[in-house]
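Here is the structure we will look at, set down as structure tokens.
To find a chain, count down the sequence lines: A is the first, B the second, and so on, and within it residues start at 1.
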Protein chains: 2
Amino acid sequence: MLPPVPTAVNLADVARIAGVSPATASRALSDHPHVAAATRARVWRVATDLEYVVSPEASRLAGGSTGRVAVVVPHLSRWFFGAMLEGLESVLREAGLDLLLYRVGEAAERQAFFDELPARRKVDAVVVLGFAVGDDERRRLERIGVDIVVAGEQSASYPSVRIDDHAAGRQAVDHLVHLGHRRIAMIAVHDPGADPAHPAGRSSAYHAALADAGIAADATLVVTVDRGAEQGVDQGAEAMGALLGATSPPTAVFAHSDELALGAVRTVRRAGLRVPEDVSVIGVDDHPLAALTDLSTVGQPVHEQGEIAGRMVVSGLRGEAVERVVLVPTRLVIRGSTAPPRRSRRGATRRADV
Amino acid sequence: MLPPVPTAVNLADVARIAGVSPATASRALSDHPHVAAATRARVWRVATDLEYVVSPEASRLAGGSTGRVAVVVPHLSRWFFGAMLEGLESVLREAGLDLLLYRVGEAAERQAFFDELPARRKVDAVVVLGFAVGDDERRRLERIGVDIVVAGEQSASYPSVRIDDHAAGRQAVDHLVHLGHRRIAMIAVHDPGADPAHPAGRSSAYHAALADAGIAADATLVVTVDRGAEQGVDQGAEAMGALLGATSPPTAVFAHSDELALGAVRTVRRAGLRVPEDVSVIGVDDHPLAALTDLSTVGQPVHEQGEIAGRMVVSGLRGEAVERVVLVPTRLVIRGSTAPPRRSRRGATRRADV
DNA sequence: GGAAGATCCGCAAACGCTTCCAGGAATCCG
DNA sequence: CGGATTCCTGGAAGCGTTTGCGGATCTTCC
């Protein structure tokens, strides 16, 4: 453990060579007022020549902020989180903030993170990407004592940026309804924190859209999978299997994510049926995979949500007011996986159609 | 910019309450020798009760290390980098090191990173993920004055972990040869730093495999794309278009990555041909997409390379010797995109196909 | 039982920077 | 031209740790 920079240049060196006191050198380099322009220029010259960089530890210790932001994210290898992180990183870098990354995948890691709070005393703010913080977690998190921003999920407690899940769900299900589908299934992600009375999620949009279309609810057409698994594709495939096995299978499926939708497509095809002729499938996210596989979806601006979260952090650190919640718009992206239902092959159970 | 932790508990508080000096408290908490067991226990008790956490800035300033590692990565939303980062993160976290993330995507960002070296004085080590550092970049990087590890790419200058690209290429091309293909194309990624005389890459493996099989080289069967674009799929699609347009198209294609391969598959299908019946396609990586789309590939353990890089960093920081280069094994994954060539339909120029 | 040695602990000096406070120089006004 | 501002600058006090050094206490052995 040698000293990181053996030939470190310190502020004192700069000051000495520039012929000023460390105090003045510090002020000059921090662009404080009340420093003569000539002096400021001279100090900067020397600092540049010597490739001086301030010791962040000393700087922070003497009273400043850490210049660091903790980002807590459940996954890294999934596109959604990577893209959001990318947007966030670009804004933070722009603002000169460093990004401390904490991944909290499975329950155990997550628990450990909130128990030990490794980011304590190390950052000026915390950004939670893509998952909702529970009540207990919230209480612990607040012990860090810094600003907190949530992105990609709703949060009652902290400023957050996200899509309007209800609107997104409506876009998807309304699209299927408009195509003429009546037996519309849903592959839903289980949301532990969901308030059943609070009509805001993708699931509630599904029910509302069906109700508006005068379609009776059918519990056998809803399959719920647990969130948190590494890949949603297999879960989607499995869920679709259950739906196809029903006595009266759906003609269209609304999946809560593109990954689930792709799994569903795979199962449909393996069952010898065709997409979209026999079954229409639509997802949410506009994952790059969706474009590649010609999947209809409801796109959300993921990168941009990361950027907005970054701006919220920066504003908060500047002491400016930040919005409680920013909703970014989603857009329906119609590709080749959705089409009107085939009227032939409609069995007795679909007589309502006729 | 309020103080991050208003009610911060300091070492002095712990010391006072435990009835010892700060010096002893520090030694007790750092598990130094020459502290009475009873004292040590008492200090720990108090520290735990008060939820004391050391100020990393002060600790570092007084002579320790930063406890941070910089990770430089070109992309975040692509699976390869995310997966590698995930492996790296898990090891660093285990070792109690914090991960400072720097993304350097396009040339401008990359240039800026190596010019300004934002990680300077902030970290104990630097990990470069998934790209080769140029000579000039290397010189600048060394000004940080800390250990450097490269993962997912070869590096003559630093300890590195990667796959054996030549072996991987052989696995892919030999597979195609064994299936009976003779007209085998390659969609290659342009490697600016490649030494033409140094026979180590995927491209050289292609040529070697063909030569071993007694197949004459045909320059029209090799298409090179530039690296660095966000998505390789479109490039692969375009490259495949060029190959199909040749007077004598290939019956099999070896793509340097799964993303390129998927683009190639798309073009083949859009041309009305079938995979693998008309054209076999194989990639490299074993991207999750490959499993989903039934693409044959040469899999590499990405997550594990991240872990190994992490262990190299940890060893280095402990002052232990680290290996110069670790090669991780690849494995041929045969799926549905490769098959023997069709002997019928082998026209002299394949015009019959169109 | 006394001295050498081992143990344990506290004092105080860094570490590199920021910022309060006050002093000296330059500028301005009447 | 004297005194009051205004500008700039330097001295010095921290910020919260770690650690070298020496002193105090306790063993242990002859």
How would you label the contact of Ser26(B) with the nucleic acid (heavy atoms, under 4.0 Å): base, sugar-phosphate, or nothing? base

Contact state string [nucleotides 5-15 of chain C, B base, S sugar-phosphate only, - no protein heavy atom under 4.0 Å]: ---SSBB---B

Strictly distance-based, threshold 3.5 Å: is any side-chain N or O of [X] a donor or acceptor partner for the main-chain N or O of [Y]?
X: Arg120(B); Y: Gly145(B); answer: no
X: Glu89(B); Y: Arg103(A); answer: yes
X: Arg140(A); Y: Gln111(A); answer: no
X: Gln300(A); Y: Ile163(A); answer: no

Any idea how Phe113(B) and Tyr102(B) line up, ring-wise: parallel (<30°), tilted (30 to 60°), or perpendicular (>60°)? tilted

Quick one: sort the Phe131(A) and Phe114(A) rings into parallel, tilted or perpendicular, breaks at 30° and 60°.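 Plane angle over 60°, so perpendicular.
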
For a 4.0 angstrom threshold against heavy atoms of chain B, report the outermost contacting nucleotides of DNA chain D in 5' to 3' order.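 Reading along DNA chain D, I get dG16(D) to dG20(D).
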
Hey, is CD on Glu94(B) packed in by over 12 heavy atoms from elsewhere, all under 6.0 Å? no

Taking only distance into account, with no hydrogens and no angle test, what donor-acceptor pairs under 3.5 Å do side-chain atoms of residues 307-316 of chain B form with protein atoms, sequence neighbours excluded?
{"from": "Glu307(B)", "atom 1": "OE2", "to": "His303(B)", "atom 2": "ND1", "distance (Å)": "3.3"}
{"from": "Ser315(B)", "atom 1": "OG", "to": "Arg311(B)", "atom 2": "O", "distance (Å)": "2.9"}

In whole Å, I'd like the distance from the CD atom of Glu57(B) to the P atom of dC17(C).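 In whole Å, dC17(C) P and Glu57(B) CD are 14 Å from each other.
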
